[in-house]
Amino acid sequence: MPELSARYNPQDVEEKRLKLWQARKPFHATAGKSAKGPFAVVIPPPNVTGVLHMGHALNNTLQDILIRYKRMQGFDAMWMPGTDHAGIATQNVVEKQIAKEGLTREALGRDKFTERLWEWKARHGDTIIDQLHKLGSSCDWDRLRFTMDEGYSEAVREVFITLHERGLIYQGSYIINWCPRCTTALADEEAEHKEASGNLWHIRYSLKDDPSRGVIVATTRPETMLGDTAVAVNPADERYVHLIGKVIILPLIGREITIIADDFVDRSFGSGAVKVTPAHDPNDFAMGRRHNLEFINIMHPNGVMNANAGQFEGLDRFEARRQIVRALDEAGMLVKIEPHMNAVRRCYRCDTVVEPYLSRQWFVKMKPLAEKALAAFHNGQLRIQPKRWEKVYENWLVDIRDWCISRQIWWGHRIPVWYDEQGNAFVARSEADAMEKAKVKHGKCVVLTQDPDVLDTWFSSWLWPFATLGWPKTGQDLKYFYPTAALFTAPEIIFFWVARMVMAGIEFMGEVPFKDVILHGTVRDAKGRKMSKSLGNAIDPLEIIGEYGADALRFSMILNSGQDIFISKEKFEIGRNFANKLWNASRFVLMGVRPGISDISHFADIDHAALDPASQWVISRYQTALVSVTEAVEQFRYSEAENTLYEFFWGTYCDWYLEMIKGRMDDINTQKAACLVLKNTLKMLHPFVPFVTEEIYSHMAGRETILTFEPWPVHEDKYAHAGAEADIGMVVAIITSIRNIRAQWNIKPNDPVECVFVGAGHALARLRLHETMIKRLVRMSKIRYEAVADGIRNSAAGVAGDVKFFIPLGDLIDIPKEKSRIMAEVAQMEKAAGAIAGRLSNEGFVSKAPAEVIEKERQRMMELKARAVDFSKALACLI
RNA sequence: GGACGCAUAGCUCAGCUGGUUAGAGCGCUGCCCUCACAUGGCAGAGGUCGAAGGUUCAAGUCCUUCUGCGUCCACCA
């Protein structure tokens, strides 16, 4: 293996690792290979239209950390990748594309348009998958699935048919959320509430018998009055009791409608009288049913008023609203306009205001499914983290409403239903099956037409954990990897996806699809806004990868992942700097170590009795870090694990340990310790920063290593020295080294030692020391000055090129620096011991605190005092 | 209208079951181009832990109320 390059270049290293991974395909998991058993994770499939954004970057980094860790633990860790066909979203994208050619989907026709969709998918569908590779995601790429691939589509049909057989799917005409732009029905979850300031228009409806009398109704959507078929009042409202049953004239239209009484009406809101539009409002729809009212649809599917709108026919709904208000005003029917805040529902795909619209759709009866999902949750079969989301999950299931699953679009799974000419529906696996059924019914062959609609995208993605494993076929993979272990996703998607997957899993597999649901935050910009293209505040992960590296992106992202993550570009510097530090520290260790040594992998291979105290100390600190990192990773607390690693590696290993062993690297045991602790730290860091760790590790091992298959380090207590002991050992190490230097350079005990150096000459050369600087060093007179001859120097000469002076600096430690560190530590310990002593003399504490707490405090104080004394002694030796 | 979350150094956040002197990164000040790393090293300034009460020997950490942000859910026209 060649040396690590002098400067860390993430692009080169990452590209190299990616090529290796692509060539060797190491991440493929086979059922039943490991004695430890399966550990499966399914990716939340990104939309095929997707382009990697920070949300994906976070989500996939989290999963990658988990799966890499589990591999290191020896599980058959399988991470299922794939994409979602994303019905409406994808159709919209392609519609926009053909619009550039002056085409519409209607003009193109269903078949041609669908062809264009598949073409688009073939060309762009793998974009996001490629990008996931760049992020370092170690998915089982051989298993890549798509929600509309053949096997998956079969699963979708099977589910539709089975649910229908079980009486859980029905067809009916109800008020649903309709997007006039997408011209399709939407599920309740797909119509998002957004606060908007609107008006409450108060309109006067006059009595037929006595036009001077009437009622005033208030509405936020005046155009719907064209479809009014009643006015309702509360039966207990004295103001209106005498009017119940009277006929009034609908303004502008002139239709005669009746005043009805219904408990639904709130007497205190508005005027206490409500216009009833059964075909355009869910409440009015219910009233319409209760009172047998007429349902008048006033709008075309695209939001344009139809013939029932009379003079307003042909107007867009909002234009109609303006004109109707004006007309009412002119007719003197408009009593007042009151500003009013209300929540308007908008299409989650195109943000168009959704219209409550009466139409015939397919629905899933959710109550029975939800009850099982709730039971599974209450039995502890499903854990949700953080816990605060549990209630959100629960409440939605408790208040669940039926799910409208048919969509009037063309991209998706065609509903497996055929109709005969009389409109009888035949639910079947194929047209042939439907024919058979029709034949049985009619006693002869009849012409059938398939339902033109497709299924909601989520009607396929709720099957993801088992459909990707081959269901409805029951193969080895399905048996082995289902149920999966954990699901990482965003809280926004609890209703759309998580809860529904639980329902489908229980319904079709008899078991929850995953044990742990971990909900992570939303990635926001520095101002807390969601990142979005339209706001122009999005930071492109690929740009960060290009500039700082995928490791840097991952590291910074996870370090910041508490709740919602506020990201600005500067934050990625932390990750970049860390990767750089890793590289350089490793390079330093490798340069000071004999060939072969760095391949060490067991603490037993070190002679601990002969080991220098600094190394004993760092091993001890390493063992502690290992325990806390492992615990944090087990609990999915990745940012905490990463933080511990950051502090251990940078603060302990680099700032203290490497400084201490500089100049003593010729000791074989020290070399071993330095290498082993570094190697194990690389292992622990690997799930977080897979590229740089694997590259360095491979150098140390002397062969290309796929680090995610190296075993996660095991805590070895016998090599962990007690904290105090190890700290003192560190002091002793420093003192020893300084004594040696004094002896070597003949410095009298009371003379201050200003500086002593470790390190080899080649680094000097690398910095291309100028003569002035060399002179300065020489003037310090504590430096020997001689020619360079050993192996290290040779390599230095190579790097140095034309540098003439080589200055071997001998052993070294910067005494004032170490002194101030130790002094600070002593001061800290003394203060801490003092504080505990104060508490121990607190009468209340002594009389009321539990004995074990008191004892623990006492012991801690004694220990701190002892350590402080030892440190002080050590200090005395230094001065 | 319901539910939840957050308020800790100038900025972004850690601080798990109450118990050492409240931490980190960035920024700032000073010194260092010292031999792995200036994507670096060392030293340092900066916090009455949103406000007010309460529980406790002990509270950033538990309870109550308030204030200010934020998120999700919701068929008051």
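Reminder, nothing fancy here: chain letters follow the sequence lines and each chain counts from 1.
Nearest heavy-atom pair, A/Ala187 versus A/Cys404, reported as atom, atom and distance to 0.1 Å: CB-O, 4.0 Å.
Searching all strands for a Watson-Crick or G-U wobble partner of B/rG1 with both distances below 3.5 Å returns B/rC73. With a cut-off of 3.5 Å on both pairing distances, the Watson-Crick or G-U wobble partner of B/rG30 is B/rC42. A 3.5 Å limit on both hydrogen-bonding distances identifies no Watson-Crick or G-U partner for B/rU21. With both pairing distances under 3.5 Å, B/rG68 is matched to B/rC6 as a Watson-Crick or G-U wobble pair. Base pairing of B/rG53 is made with B/rC63, judged by Watson-Crick or G-U wobble geometry with both donor-acceptor distances under 3.5 Å.
Of the candidates B/rU39, B/rC72, B/rC57, the closest approach to any side-chain atom of A/Asn577 belongs to B/rU39. Checking B/rC4, B/rG40, B/rA77 against every side-chain atom of A/Lys391, the shortest atom distance belongs to B/rC4. Of the candidates B/rU39, B/rA74, B/rC72, B/rU39 carries the atom nearest the A/Arg576 side chain, counting heavy atoms from C-beta on. Here the nucleotide nearest the side chain of A/Lys581, chosen from B/rG40, B/rA77, B/rA74, is B/rG40. In this structure, of B/rC73, B/rG19, B/rA36, it is B/rA36 that holds the atom nearest to the side chain of A/Ala585. The side chain of A/Asp655 lies closest to B/rG41, out of B/rC4, B/rC75, B/rG41. Looking at the side chain of A/Arg401, the nearest of the listed nucleotides B/rU39, B/rA74, B/rA36 is B/rA74. Here the side chain of A/Asn580 is nearest to one of B/rU20, B/rA36, B/rU39, namely B/rU39. Closest to the side chain of A/Ala849, out of B/rA74, B/rA77, B/rC57, is B/rC57. Taking only side-chain atoms of A/Trp650, from C-beta outward, the nucleotide of B/rA36, B/rC75, B/rG41 with the closest atom is B/rG41.
Comparing A/Asp188 and A/Ala273 by the nucleotide of RNA chain B that holds the closest heavy atom to each, the one mapping nearer the 5' end is A/Asp188. Toward the 5' end of RNA chain B, the nearer of the two residues A/Gly272 and A/Val846, judged by each one's closest nucleotide, is A/Val846.
Remark: aromatic rings of A/Phe578 and A/Phe688 are distant, center separation not under 6.0 Å.
The interatomic distance linking A/Lys275 (NZ) with B/rC76 (P) rounds to 16 Å, in whole Å.
Nucleotides B/rC13 and B/rC6 are separated by 12 Å at their C1' atoms, to the nearest Å.
In terms of phosphate contacts, A/His280 brings no side-chain nitrogen or oxygen within less than 4.0 Å of OP1 or OP2 of B/rA77.
Taking CG of A/Leu186 as the reference point, atom CD of A/Glu192 lies at 10.0 Å (rounded to 0.5 Å).
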